[in-house]
Amino acid sequence: MIIGVYVGSENLRSPMYFFLSHLSTCDIFLSTSVVPVLLCTLISNGKTYTMTVVGCVVQYVASSSFPAVECFLLTVMSYDRYLAICNPLHYIYIMSSTLCLKLVTLAWLIGFLISLSVMTLISVLGFCGQGYIDYVYCDFMPLIEASCSDTFYLELFAIVLTLPVVVFPFIFIISTYVLIFQTILRISSDTRRTKAFSTCSSHLTVVCTYYGILIAKYAVPVGEQSLSMSKMISVLYTAVTPLLNPVIYSLRNQEIRKCLNKVLSLNF
């Protein structure tokens with residue numbers, strides 16, 4: 001819906017909605033990479049869903065690439081909000097269509113390259129035994145546990161990759177919002193202060209939701225007692241969050257609601 005409204009409306013041709021359309025696309029791909037297989041498993045009356053090693057690795061690439069891309073897109077969107085609020089006079093000149101395209105392309109490219117590098121190392125692992133994974137989808141830790149090879153360096157490599165994918169973007173987002181809040185608090189008019197905060201409230205809500213679930217997902221200790229909780233968080237992470245993001249943006253954004261009402265009135 002958000003992508004269609006962005007493409008079909010001339011009033012939403014701004015950098016923020018350009019980034020939002022890519023975020024919505026990323027959410028679609030993330031849920032599509034996991035939910036269909038999950039639904040097949042649920043309707044199989046308790047039977048194990050059969051997947052080849054290649055298919056499992058491919059699902060891991062898809063389910064890990066899109067969250068990485070989403071981290072970078074949220075970082076780009078925080079930079080966009082920082083320029084719009086803290087440097088409004090130069091916003092149009094700095095955040096040009098060329099820069100927007102370069103930032104989005106870089107986000108998608110880096111996200112896939114990082115996941116492909118991990119996939120390359122996973123693909124050379126040996127998998128022995130029954131090859132049974134008791135999990136929602138082919139995630140990193142279930143694949144590591146199913147392998148009979150030495151995975152020490154692979155796990156160390158994955159931990160190092162969390163710095164540029166999760167930690168650094170999160171620090172950047174926090175830093176930009178500290179500057180944004182400082183700028184908003186210096187605004188004397190209550191109306192202008194409320195309007196400035198409303199332009200970034202949706203993005204801030206999505207960031208808190210996304211990183212909150214992401215931190216909870218990897219903070220849960222690995223073990224039999226935490227397996228059910230880990231599965232529940234994974235469902236929230238791959239299915240519920242992609243659903244909440246467009247709802248948050250569409251319900252809290254007056255421009256999207258106006259354009260959607262206009263499109264619906266023209267068609268019906």
Side-chain angles (χ1 to χ4, degrees), residues 26-27 29-35 37-38 51-76 106-174 207 209-239 241-242:
C26 188
D27 285 332
F29 286 146
L30 173 59
S31 58
T32 304
S33 65
V34 174
V35 175
V37 176
L38 174 61
M51 180 183 289
T52 63
V53 175
V54 175
C56 195
V57 172
V58 170
Q59 188 190 46
Y60 165 74
V61 173
S63 61
S64 61
S65 298
F66 299 122
V69 173
E70 187 156 343
C71 285
F72 295 132
L73 287 176
L74 290 174
T75 305
V76 171
L106 199 62
W108 285 95
L109 185 61
I110 294 177
F112 274 98
L113 287 178
I114 290 175
S115 296
L116 287 175
S117 63
V118 179
M119 183 209 70
T120 303
L121 297 176
I122 291 179
S123 61
V124 298
L125 295 177
F127 294 93
C128 51
Q130 296 180 350
Y132 176 75
I133 295 178
D134 185 12
Y135 208 66
V136 178
Y137 62 97
C138 294
D139 202 2
F140 179 76
M141 287 309 300
L143 285 173
I144 292 299
E145 293 174 358
S147 173
C148 53
S149 303
D150 184 12
T151 60
F152 173 77
Y153 292 104
L154 176 57
E155 293 182 60
L156 182 62
F157 180 65
I159 293 174
V160 172
L161 285 180
T162 58
L163 294 176
V165 175
V166 179
V167 178
F168 292 161
F170 185 66
I171 293 176
F172 182 85
I173 293 173
I174 295 297
V207 168
T209 304
Y210 182 76
Y211 274 97
I213 297 178
L214 188 66
I215 293 172
K217 181 179 187 299
Y218 292 104
V220 174
V222 179
E224 290 296 329
Q225 293 182 352
S226 63
L227 183 60
S228 298
M229 180 63 68
S230 181
K231 290 179 181 180
M232 187 182 303
I233 295 174
S234 295
V235 172
L236 292 174
Y237 176 65
T238 57
T241 302

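Quick note: numbers below take in every heavy atom, side chains included, and nothing from hydrogens, waters or symmetry partners.
With hydrogens and angles ignored, the 3.5 Å screen pairs no side-chain donor or acceptor of S147 with any backbone N or O of L143. A distance-only check finds no donor-acceptor pair linking the side chain of S33 to the backbone of Q59 [under 3.5 Å].
Considering every non-hydrogen atom in both L30 and P242, the closest pair reads CD2-CG, 4.0 Å. Taking both residues in full, the closest heavy atoms of F72 and G111 are given as CE1-N, 3.9 Å, listed atom of the first, atom of the second, then distance. Nearest approach of D139 to Y60, heavy atoms of both residues: C-CD1, 4.0 Å.
Residue pairs that meet the side-chain hydrogen bond (donor to acceptor under 3.5 Å, both in side chains) test with at least one member in residues 110-120, sequence neighbours left out, are S64-S115, S65-S115.
Residues meeting the ring-ring contact (aromatic ring centres under 6.0 Å, His included) test with F112, sequence neighbours left out: F66. Annotation: disulfide bond (SG atoms under 2.5 Å apart) contacts of C71 (sequence neighbours excluded): none.
When side chains are defined from C-beta on, V69 does not count as touching F29, because their heavy atoms never get closer than 4.5 Å. Contact check for P142 versus Y137: no side-chain heavy atoms found under the 4.5 Å cut-off.
For the atom pair CG of D27 and OG1 of T238, the computed distance is 11.5 Å after rounding to the nearest 0.5 Å. Atoms CD and CH2, on E70 and W108 in that order, are 9.0 Å from each other to the nearest 0.5 Å. In this structure, Y237 OH and S63 OG are separated by 8.0 Å, a value rounded to the nearest 0.5 Å.
For the 3.5 Å distance criterion, the side chains of Y210 and T241 fail to qualify, holding no donor opposite an acceptor.
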Under 3.5 Å donor-acceptor pairs involving side-chain atoms of residues 159-173, not counting sequence neighbours:
| residue | atom | partner | partner atom | Å |
| --- | --- | --- | --- | --- |
| T162 | OG1 | I159 | O | 2.4 |

Going by atom type alone, with no hydrogens or angles, which donor-acceptor pairs under 3.5 Å involve a side-chain atom of residues 150-157 and a protein atom two or more places apart or on another chain?
| residue | atom | partner | partner atom | Å |
| --- | --- | --- | --- | --- |
| D150 | OD1 | F152 | N | 3.3 |
| T151 | OG1 | E155 | OE2 | 2.9 |

Report task. Given side chain to side chain contact (heavy atoms under 4.5 Å, CB included), test L125 with I144 step by step and report yes or no. Result -> CA-CA 9 Å; L125 295 177; I144 292 299; 4.3 Å; yes

Report task. Give the C-alpha distance, both sets of side-chain angles, the deciding distance and a yes or no for side-chain hydrogen bond (donor to acceptor under 3.5 Å, both in side chains) between S234 and Y135. Result -> CA-CA 9 Å; S234 295; Y135 208 66; 2.7 Å; yes

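Each of L214, I213, T209 was scored for a side-chain contact (heavy atoms from CB on, under 4.5 Å) with Y211, with one residue passing: L214.
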